[in-house]
Protein chains: 2
Amino acid sequence: MKKLRARFKLWLSTKDVEGVFGDGKWRLLKSIDAEGSLKAASESLRISYRKAWGDLKKAEDALSIALVEKQRGGNMGGRTTVTSQGKKWVKAYTRFRGDVEKAVEKAYEKHIKELVK
Amino acid sequence: MKKLRARFKLWLSTKDVEGVFGDGKWRLLKSIDAEGSLKAASESLRISYRKAWGDLKKAEDALSIALVEKQRGGNMGGRTTVTSQGKKWVKAYTRFRGDVEKAVEKAYEKHIKELVK
DNA sequence: TGTGGTTATGCAAAGCTCGACATATCGAAA
DNA sequence: TTTCGATATGTCGAGCTTTGCATAACCACA
């Protein structure tokens, strides 16, 4: 039997909107925080600026929360920074996701590993 | 703040093949077991027969396991039943997924709920 | 031995997501 | 006041997934 690994995807939804926050948007926020701009963040993650921008908008719209502060113009062209609210979300989601990841690994060991050996 | 719910997707992969078994194929096997045929199962799950058939083939090929026994012809046209191996997989995956689901819920309560209130 | 309902499978059409472009706007600094 | 690089946003096409036919093969039973 081939070796298997457990994989998962995690996200949050409202009644109306599926995927208002999840792994992708979490990575995006982290990258924005590290890079200082949406453009640099999208390039770092190798996703299109168009998608990064849309994802961010979707999250902020659905959650009604200002996750980032965006500035246009200026000598640097502009910049995007993560708000304190946004940072709270990053931290909370990081712990959330970490717990789930551990649980997936544990559950795999407990229920699947024996089956596959 | 809108009410949120945590959602997840879970699956197993080999080094070569992504998604050799997961929520969809698990549901399919359960449905086959309940319905007695691949056709009825696919209709019950409201996915195309074409996809159900392909999914099953993909899982069996990648795992090198006979999850079901298929019979063509006969007065009923044919039927598909889940093998004992397949049932083992269903049971194990059910427990696996159940544990993960509980963990997701727990982690949500612990890390996200406060944030959203 | 003909029938019916199922499995088996290829292929084209339909959907959906994401990326690539094309512009427009903005504003601090030169 | 010109410039430069980032944000803002619509649109069309590429790539991948799923559906929808269209057939063929199969076989217990009437």
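Chain naming here is simple, since letters A, B, ... match the order of the sequence lines and numbering starts at 1 in each. All of these numbers come straight from a predicted model, not from anything done at the bench.
In this structure, NZ of Lys58(A) is placed 19 Å from C1' of dA8(D), rounded to the nearest angstrom. With rounding to whole Å, Leu56(A) atom CG is found 14 Å from dT9(D) atom C1'. Atom CD of Gln71(A) and atom P of dG5(D) are 18 Å apart (whole Å).
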*Would you mind building the protein contact string for nucleotides 20-30 of chain D? One character per nucleotide, 5' to 3', B for base within reach (heavy atoms under 4.0 Å), S for sugar-phosphate only, - for untouched.*
B----BBBBS-
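The ring-ring contact (aromatic ring centres under 6.0 Å, His included) test with Phe21(B) is passed by exactly one of Trp26(B), Trp11(B), Tyr93(B): Tyr93(B).
OP1 or OP2 of dA8(D) lies within a sub-4.0 Å distance of a side-chain N or O belonging to Lys70(A).
A distance-only check finds no donor-acceptor pair linking the side chain of Thr14(A) to the backbone of Lys3(B) [under 3.5 Å]. Formation of a donor-acceptor pair under 3.5 Å by the Lys25(B) side chain with backbone atoms of Gly19(B) is found in this model.
Across Ile47(B) and Ala52(B), no two heavy atoms sit closer than the pair CD1-CB, 3.9 Å. For Asp99(B) against Ala107(A), the heavy-atom pair with the smallest separation is CB-CB, 3.9 Å. The nearest pair of heavy atoms linking Trp89(B) to Leu4(A) is CH2-CD1, 3.8 Å.
Using a 4.0 Å cut-off on heavy atoms, the residues of residues 13-45 of chain B that approach DNA chain C are Ser37(B), Leu38(B), Lys39(B), listed by number.
Scanning DNA chain C 5' to 3' for nucleotides with an atom closer than 4.0 angstrom to a non-hydrogen atom of chain B gives a first and last hit of dG4(C) to dC11(C).
For residues 53-64 of chain B, the side chain to side chain donor-acceptor pair (under 3.5 Å) pairs, not counting sequence neighbours, are Lys51(B)-Asp55(B), Lys57(B)-Asp61(B).
Residues that satisfy the side chain to side chain contact (heavy atoms under 4.5 Å, CB included) test with Glu69(A), not counting sequence neighbours, are Gln71(A), Thr81(A), Thr83(A).
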All N/O donor-acceptor pairs, side-chain side in residues 32-41 of chain A, below 3.5 Å, sequence neighbours left out:
residue, atom, partner, partner atom, Å
Ser37(A), OG, Ala40(A), N, 3.0
Lys39(A), NZ, Glu43(A), OE2, 2.9

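By the 4.0 Å N-to-carboxylate-O rule, Asp23(B) lies close enough to Arg97(B) to be salt-bridged with it.
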